Every structure is written in structure tokens, then in C-alpha cells.
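Contents: one structure, followed by commentary.
No experiment lies behind these values; they were computed from the predicted model shown. Order of the sequence lines sets the chain letters (A, B, ...), proteins ahead of strands, with each chain counted from 1.
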There are 2 protein chains.
Amino acid sequence: MNKPQQFINLLSRLSRLVNHDGHSKGLKPAQWDAIRYLAQANRFSRSPGALTIYLGATKGTISQTLMTLEKKGFVAKTQDLHDKRAVALKLTTAGENLAKEDALKPFQRMLSDLPANEQNDITLALEKLLLAKLRSDGNKPFGICNTCRHFRKNNQSGSPHFCDLLKEPLCDIESEKICVEQTPA
Amino acid sequence: MNKPQQFINLLSRLSRLVNHDGHSKGLKPAQWDAIRYLAQANRFSRSPGALTIYLGATKGTISQTLMTLEKKGFVAKTQDLHDKRAVALKLTTAGENLAKEDALKPFQRMLSDLPANEQNDITLALEKLLLAKLRSDGNKPFGICNTCRHFRKNNQSGSPHFCDLLKEPLCDIESEKICVEQTPA
DNA sequence: AATAATAGTATCGACTCGAAACATTATTAT
DNA sequence: ATAATAATGTTTCGAGTCGATACTATTATT
């Protein structure tokens, strides 16, 4: 088997397994993807639109997935205050509990059984691969807020940081989350 | 973001992208998975049952996928000679042409744009990860026939090799393919 | 010969997915 | 201001996935 073919085989089979683990606790893989995202996105990013970009899906599909998650009681929708078109998403308590018991935990446990150096190699390789793919597709990275070029740190404890793009204050917690607008410095 | 969470994020997002690339040329990801498999499986493995195990799906799902692939003219079914329950699968010429233009080619091209050592690191990491997962799930590896403990090599050119498990002769081409029964030596 | 195991198919309901049409609400150009 | 345009979501459609379950036909076992 030649190298490129092997790479495709590994990738497609691995993806299959990951996807398969997403059939868990009565949810579907796509629903887990959404919950996982919402558990980590900052307030500028908890919208159907941002989720759509993150998951590389279409608006319609995401709308459906969010509908069923809302019906199941894991996600709550509220209207955005500033923009009446926009919808603000939030995990309910049930949704947050679910996020803590991620369907991919078994995968994670499996990794933690490997030698520490292999764990590192694997994580690093995945990161390189993902970033290369995102770049080649022109996708947004959705990195951590406080690693963004628009992030303005405030060193006085208690007072908030600041996003220079959206002109909005940022508490510590929010600035640790992922953001649609994040652009590496 | 802690390490385990990062790993899950990388893995799930990467899988999403891989899956997404499978919506190509009018086929679905699962259909590509089937075609990719059939293009590489030896004659003992070109059956709905083996494909089911390989993809980690259920019989019913695979039956459906194969039905639509047959309807589209990419797969042909014939009855097995020895076992009248069994179905032998084969890619049609159209199916083989499709396999040569795999939906994941863009991903492969992207990899080939990376430095050679990174390509290697990434492939190796994927392999480790996949094997660890297969092991932890108790899945079969589907390795290359001639790396199997039951493979008996014949060094006289022209005469076939042999599978000591299934008691069947193996030509060079078949012994280079993947097999359900493969067990590392 | 009866029973169990195996290989597949058929059917169901919930869901995904892209595509396209459709509101609403914001933004921009005139 | 107001009209054109862009952006945010929703709805609907058809094809397909997926697990679960029930079912058929064939082969193996007892």
C-alpha cells in the first residue's frame, strides 16, 4: 500500500470511529458536536451562525440540529438584544451536565493509556493536520479569545479585559473560551 | 483549555472535516467509505459482512448503502459459489474509476504540501491512534494479507501463495490487499 | 431431524445533510 | 429618507444514514 493511500485509510477509518462513538446517550454525533461547541464558545460565538461556520455545515442543517436539541431540553434559545435577527444560544443545566460526560470520553481514556510521549506526539500531529486543513480550506481557526490579535489584556485584577474588534469588555472566563472572530496575533 | 479537552476538540473537528469532504460527486461519506474499502479488500473480504465489521456499522445500514451503490451502478452483487447465503461484492468499472478519484484526495494533497518529516510524523501518529482505538474496542485490524500469521509465501515465481486459515491459494495481487481475517504475526 | 448460528434483507422512526425558497432585520447606496 | 442589498435564521424537500428489530434463507451443530 502506498503512502498517500495509507494516509487516507487511516484518516477515514479514524473519523468513522470517532463519529461512531457519537451515537451515545440517545444523541447523534452532530448533536454532540453542537453541545461540545456551545460548552466552550464565548458569548460572541454562541449563535447558530458561528456554529455553522465551526462545523462547516449549512444554516439549514444547524437550524434543525438546534431545534431537536432545544426540544430535548439541552439548549435554550433567546433573542439577541442588539440584533433582532440573531439568536443567542445557551446550554441548559442538563446540557452542561451532558457536556461534562462527552461521548468521546472513551477515546480520551484510550489516549491516556498510552505512554506520555506518544500522547504528546499524537496531539501535536492532530493539531498540525487540523490547522493545515483549516488553512487550505480557508476556514476560521476558532482559537482561544486571549490569544487573539484583538485581545487587550487588563492587568488590574477585577477589571475586565477588552476586545478591540468588537469593542466589548471580556471577563477572565470569557477570554479563556473559543471565539469565531479569533485571529492569531 | 486542558489537554484532554484539546485532544477531543482536535479529534472531533478533524473527523468533521473528513466527513464533510465525503459529500462529493453526488455520493455520501458512507458510500465513499464502502467504495474505498471494496477497492482494497481481497476476495475473502468483499462481502457485506466484512464491510459491516470494517465500518463498525450494523448489517441493516450496510445493506442499505450497498443497495443505493448498486442502484447507482458502482457496485455489483453476485451470489457466493460455496455459501448460498453469502453475497460477493465487486466494484464496477465506474466504481473503480470513482475509487481512483477518492473524495479525500484534497486532504491527501494538503498533506503532501507539508514538510516530509511532518508528513511522516502525522501518518505515524494517526496509525498509533487508530491501532490503539481498534485494540481498545476489540476490532479487527484489517491489515494486509501478506503480513498475516496465516500467510504462507511461495517463492517460486508464478505459483501462488497460500492462506493457511482459509486453505486457499493467493496470487500476488490478492496478497497485497486487506483482509477481514488478517491477524498480525 | 431438530436446533442453533450465520449472512443478508426489509421496515421503522429519528436524524443528518445540502439545496433552495423564505421571512426578518440591518446595512449600504443613492 | 428610501430603495437595494446583505446578513441571520427558519422551513421544506428529497435522499440517505443509522440503530433497532423482525424476518428469510442457508449452513452447522447436536
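- One can place CE of Met67(B) at 12 Å from C1' of dA15(D), the figure rounded to the nearest angstrom.
- Within the nucleic acid shown, Thr52(A) has no heavy atom closer than 4.0 Å to any nucleic acid atom.
- At a cut-off of 3.5 angstrom, counting only N and O atoms as typed in the model, there is no donor on one side facing an acceptor on the other between the side-chain of Ser63(B) and the base of dG8(C).
- At the phosphate of dT17(D), neither OP1 nor OP2 sits under 4.0 Å from any side-chain N or O atom of Arg16(A).
- For Lys84(A), the side-chain atoms get nearest to dA26(C) when compared with the rest of dG18(C), dT11(C), dA26(C).
- Going from atom CD1 of Ile35(A) over to atom P of dT16(C) covers 11 Å, rounded to whole Å.
- Residue order along DNA chain C, read from the 5' end via each residue's closest nucleotide, puts Gly26(A) first among Gly26(A) and Gln79(A).
- Taking 4.0 angstrom as the limit, Thr61(B) places none of its side-chain polar atoms (N or O) nearer than this to OP1 or OP2 of dC18(D).
- Taking every side-chain heavy atom of Lys59(B) into account, dG8(C) is the closest of dG19(D), dG9(D), dG8(C).
- Note on Asp83(B): only backbone sugar-phosphate atoms sit closer than 4.0 angstrom, heavy atoms only; bases stay farther off.
- Between the side chain of Glu174(A) and the main chain of Arg43(A), a donor-acceptor pair closer than 3.5 Å is present.
- Within the nucleic acid shown, Lys72(A) comes within 4.0 Å of sugar-phosphate atoms alone, with no base atom in reach, counting heavy atoms only.
- With distances taken from any side-chain atom of Gln64(B) to the nucleotides dC18(D), dA10(C), dC17(C), the minimum falls on dC18(D).
- Ile53(A) and Leu51(A) fall within a single hydrophobic cluster, where Ile, Leu, Val, Met, Phe, Trp and Tyr are joined by side-chain heavy atoms under 4.5 Å apart, directly or via other members.
- Listed pair His20(B) / dG18(C) meets the phosphate criterion, a side-chain N or O lying under 4.0 Å from OP1 or OP2.
- If you measure from atom CD of Glu70(B) to atom C1' of dA10(C), you get 15 Å, rounded to the nearest angstrom.
- Evaluation of atom-type donor-acceptor distances gives no pair under 3.5 Å for the side chain of Arg85(A) against the base of dT8(D).
- Comparing dG8(C), dT16(C), dT17(D) against the side chain of Thr68(A) picks out dT16(C) as the nearest.
- Distance, Asp80(A) CG to dT24(C) C1': 14 Å, rounded to whole Å.
- Using modelled atom types, no side-chain atom of Lys128(B) and backbone atom of Thr123(B) make a donor-acceptor pair closer than 3.5 Å.
- Residue Gln31(A) is classed as a sugar-phosphate contact, given heavy-atom separations below 4.0 Å to backbone atoms only.
- Here dT16(C) presents its C1' atom at 14 Å from CG of Leu27(A), a figure rounded to the nearest Å.
- Remark: P of dT17(D) and NZ of Lys71(B) are 10 Å apart, rounded to the nearest angstrom.
- A straight line from CG of Leu66(A) to P of dT11(D) spans 12 Å, rounded to a whole angstrom.
- Between Thr58(A) and dC17(C) there is no side-chain N or O to OP1 or OP2 distance below 4.0 Å.
- Rounded to an integer number of Å, the gap from CG of Leu55(A) to P of dT16(C) is 11 Å.
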Criterion side chain to side chain donor-acceptor pair (under 3.5 Å) on Thr58(A) and Thr61(A), from CA distance to verdict: CA-CA 5 Å; Thr58(A) 52; Thr61(A) 300; 3.1 Å; yes
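- Looking at Lys28(B), its side chain has no donor and acceptor atom pair within 3.5 Å of the base of dG16(D).
- Between Ile62(A) and Gly60(B), the residue whose closest nucleotide on DNA chain D is further toward the 5' end is Ile62(A).
- Ranking dC15(C), dG8(C), dC17(C) by closeness to the Ala86(B) side chain, first place goes to dG8(C).
- Under a hydrophobic-cluster definition in which Ile, Leu, Val, Met, Phe, Trp and Tyr are linked whenever side-chain heavy atoms come within less than 4.5 Å, directly or via other members, Phe142(A) and Ile144(A) are assigned to the same cluster.
- Legend: residues meeting salt bridge (Lys or Arg N to Asp or Glu O under 4.0 Å) with Lys133(B), ordered by chain and number and at least two apart, are Asp21(A), Asp137(B).
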